[in-house]
Chemist: 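Got a structure for you, questions after.
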Amino acid sequence: MLDITNIRQNPDDIIAMLGNRLLENEIPKVSELLDLDRQRRELVQQADEMKALRNRVSREIADMKKSGSGPANELIQQMKAVAEDIATSDSSLKNLESAIEEILLSLPNRLHHSVPVGKSAEENVICKEQGGFDYSLDFPLKNHTELGKSLGILDFERGAKVSGAGFPVYTGKGARLERALINFMLDTHTSCHGYTEIFPPFLVNRESLRGTGQWPKFADQVYTIEEDGLFAIPTAEVPVTNLHRGEMLDAADLPVAYTAYSACFRREAGSYGKDTRGFLRVHQFNKVEMVRFTRPEASYEALEAILGHAEAILQALRIPYRVLLLCSGDISANATKCYDIEVWSPAEDKYLEASSCSNFEDYQARRMNIRYRPEGKAKPEFVHTLNGSGLATSRLMVSLLEHNQTPEGRVIVPEVLRPYTGFDIIG
RNA sequence: GGAGGAUUAGCCUAAUUGGUAAGGCAGCAGUCUUGAAAACUGCCGGGUUCACGCCCAUGGGGGUUCGAGUCCCUCAUCCUCCGCCA
């Protein structure tokens, strides 16, 4: 959520940002917002005057009663009318405020000055390409679904029977390999990168979705449990960032760094027919997430750190990848700056998104009211929040299986995972 | 699921029969001091105002009342029991 005071002072900045994000049709919202804000402030002023009157006269009535100079019935009748006027004015104020909030919640975040202006994914900037790792794949390659089936480690058909398309089942060594990946990533982030491990709830309430910005904008992508008002998390970002919702963080504790495994649930509504095979697009997948709360001045440094921590996993697994700096037309609404990491799939012959590392500055903190008291200052300030996948296992598994396959159709387990799997080859 | 109790600012704690949130700690600024501590003074939830001030804020949302921390309804969370349960 953006700061209404800031919008009032610099409306042109917001309009320019909406243009860069290719959201020209949302530009009228800015003047609408400013208009509502003006109305609200006028109304508040009027209501405040009436309330001041009510408070003053109420005190007078109290004094009269104390001194025994009569019940002052006439005065009370007058105040009855004032109370009604206040109620009327308060209810229209409430309407105005919710209209303002609705617009504020729907406006995207600012963009960092380093974000390239661009119209589509084509204009994302490639920051880094990390290839090589000496794989000799000079034989007919199997893709991950073929390997999964022939080795008996992945079962998409039975997953479809039990739940539906896009709910993969891991069996035997496949399940063990998946668990090994998760454990390896969590161990690396906690032991080497200084994160505190969190095991969060997988169902959250609406306030939490609103806090991180999945609500109301992406409501149609979230699985909903109507009866209990709960939602299946699309990412651990939601419960983990909301851990501190409404809290005043101790400045000495910053930066706070959490890592969490969770299953992630996404409806992927509207994307049927695209990349449907195997793990390429699923409704449930596993992910290890990194979340940080920082002082405002430290957040961009923290973003680079998160990116580095995600990259460290890929380097240890020897998986080729590239890093993209997303352009203004492709970056998500909540982020001011975002890097995507894509892993290479030799069988699909393309890159697959496996991580997204974002700075949200105070956009989420303002929604969630997460503050800290800076040293040397009396007033609390909003923290900055960030997160990054470190990483999603589904796309990782694609690349891992395909790169480590042998001409005989077996899969060699990457060395760093062997302590976790207890075996070094599948098949 | 049922019964009772609780929720006040970053933390801790008050508030006659309903009369308009009092303190303490921590924090910030200053005085004093060679420096620090102590002591003292001011600030110390949010909005609005050049300012004085005014308004809002006692877990969330409603209601009664001229007036609600206080009374009523409802929801959430925590505690103590009872029941049920993997």
Side-chain angles (χ1 to χ4, degrees), chain A residues 1-9 33-102 104-105 200-211 215 225-231 239 242-256 293 295-296 362 365-383:
Chain A
M1 191 158 69
L2 299 172
D3 180 9
I4 182 74
T5 310
N6 192 274
I7 298 177
R8 205 183 293 143
Q9 286 161 355
L33 183 65
L34 292 176
D35 191 47
L36 289 170
D37 181 50
R38 207 175 302 117
Q39 287 179 46
R40 182 187 66 87
R41 292 202 290 164
E42 278 173 22
L43 199 59
V44 164
Q45 211 169 346
Q46 288 171 21
D48 279 4
E49 282 171 23
M50 288 191 283
K51 285 173 183 175
L53 175 69
R54 179 184 64 184
N55 288 342
R56 200 176 63 239
V57 175
S58 286
R59 267 186 290 262
E60 285 171 14
I61 292 173
D63 290 343
M64 289 164 86
K65 285 200 168 183
K66 255 185 227 162
S67 66
S69 61
N73 279 337
E74 196 176 323
L75 212 47
I76 289 176
Q77 285 308 313
Q78 280 177 30
M79 284 305 102
K80 210 166 205 160
V82 172
E84 276 173 29
D85 290 345
I86 290 173
T88 309
S89 148
D90 272 354
S91 87
S92 33
L93 185 61
K94 207 171 175 183
N95 288 337
L96 271 179
E97 280 173 346
S98 64
I100 289 169
E101 193 190 15
E102 193 182 329
L104 276 180
L105 285 176
F202 292 179
L203 298 180
V204 296
N205 57 32
R206 180 168 290 148
E207 281 312 302
S208 294
L209 280 188
R210 190 204 305 275
W215 190 279
I225 296 155
E226 208 64 70
E227 192 174 356
D228 297 292
L230 291 170
F231 303 85
N242 275 280
L243 286 179
H244 294 301
R245 170 150 52 84
E247 292 184 15
M248 180 81 72
L249 299 181
D250 193 334
D253 293 339
L254 295 176
V256 173
F293 303 80
R295 294 156 199 274
D362 63 0
R366 195 179 295 281
R367 283 168 170 252
M368 284 183 284
N369 194 25
I370 304 179
R371 298 171 299 165
Y372 79 109
R373 204 180 292 278
E375 292 93 342
K377 289 183 188 173
K379 293 242 174 196
E381 286 179 14
F382 290 111
V383 297

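Owing to the predicted nature of the structure, the values given are computational and were not obtained by experimental measurement.
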Chemist: Pick the nucleotide of RNA chain B nearest each of Leu53(A) and Ala83(A); which residue has the one closer to the 5' end?
Modeler: Leu53(A)

Chemist: Could you give the distance separating rG27(B) and rU74(B) at their P atoms, to the nearest angstrom?
Modeler: 44 Å

Chemist: Provide the distance between the two C1' atoms, one in rU80(B) and one in rC28(B), to the nearest whole Å.
Modeler: 42 Å

Chemist: Polar-atom pairs under 3.5 Å, protein N or O versus N or O of nucleotides 72-77 of chain B: list them with distances, or write none.
Modeler:
none

Chemist: With C1' as the reference atom in both, quote the distance from rC40(B) to rU33(B) in angstrom, rounded to an integer.
Modeler: 13 Å

Chemist: Holding to salt bridge (charged side-chain N to carboxylate O under 4.0 Å, His left out), I want the full list of residues that pass it with Asp35(A), two or more places apart in sequence or in another chain.
Modeler: Arg38(A)

Chemist: Excluding sequence neighbours, so at least two apart, what forms side chain to side chain donor-acceptor pair (under 3.5 Å) with Asn6(A)?
Modeler: none

Chemist: Distance between the P atoms of rG69(B) and rG83(B), in whole angstroms?
Modeler: 40 Å

Chemist: Using atom C1' in both nucleotides, what's the gap between rU16(B) and rU70(B) to the nearest angstrom?
Modeler: 11 Å

Chemist: Which letters describe nucleotides 9-25 of chain B, given B = protein heavy atom under 4.0 Å from base, S = only from sugar-phosphate, - = neither?
Modeler: -B--------BB-----

Chemist: How far, in whole Å, is rC43(B) from rC54(B) if one measures between their P atoms?
Modeler: 16 Å

Chemist: Categorize Arg8(A) for me: base, sugar-phosphate, or nothing, with a 4.0 angstrom heavy-atom threshold over every strand shown.
Modeler: sugar-phosphate

Chemist: List for me each residue that meets side chain to side chain contact (heavy atoms under 4.5 Å, CB included) alongside Asn95(A), sequence neighbours excluded, and say none if there are none.
Modeler: none

Chemist: For Arg54(A), give me all partners under side chain to side chain donor-acceptor pair (under 3.5 Å), at least two apart in sequence or on another chain.
Modeler: none

Chemist: Taking distance alone, no hydrogens or angles, what donor-acceptor pairs closer than 3.5 Å link side-chain atoms of residues 243-252 of chain A to residues at least two apart or in another chain?
Modeler:
residue   : atom : partner   : partner atom : Å
His244(A) : ND1  : Glu247(A) : OE1          : 2.8
His244(A) : NE2  : Tyr258(A) : OH           : 2.7
Arg245(A) : NE   : Asn242(A) : OD1          : 2.7
Arg245(A) : NH2  : Ser208(A) : OG           : 2.9
Asp250(A) : OD1  : Ala252(A) : N            : 3.2

Chemist: Enter the distance from Glu97(A):CD to Glu102(A):CD here, rounded to the nearest 0.5 Å.
Modeler: 14.0 Å

Chemist: With Asp85(A), which residues qualify under side chain to side chain contact (heavy atoms under 4.5 Å, CB included), at least two apart?
Modeler: Met50(A)

Chemist: Under the salt bridge (charged side-chain N to carboxylate O under 4.0 Å, His left out) test, which residues partner Glu49(A), sequence neighbours left out?
Modeler: none

Chemist: Let's see if you get this right: which residues in residues 36-52 of chain A place a heavy atom under 4.0 Å from RNA chain B?
Modeler: Arg41(A), Asp48(A), Lys51(A), Ala52(A)

Chemist: Only stems of 3 or more consecutive Watson-Crick or G-U pairs count here, both distances under 3.5 Å; name the ones for RNA chain B, or none.
Modeler: B:1-7 with B:76-82, B:10-12 with B:23-25, B:27-31 with B:39-43, B:45-48 with B:53-56, B:59-63 with B:71-75

Chemist: How far, in whole Å, is rC32(B) from rC25(B) if one measures between their C1' atoms?
Modeler: 23 Å

Chemist: Sequence neighbours left out, what passes salt bridge (charged side-chain N to carboxylate O under 4.0 Å, His left out) with Arg40(A)? Give chain and number order.
Modeler: Asp37(A)

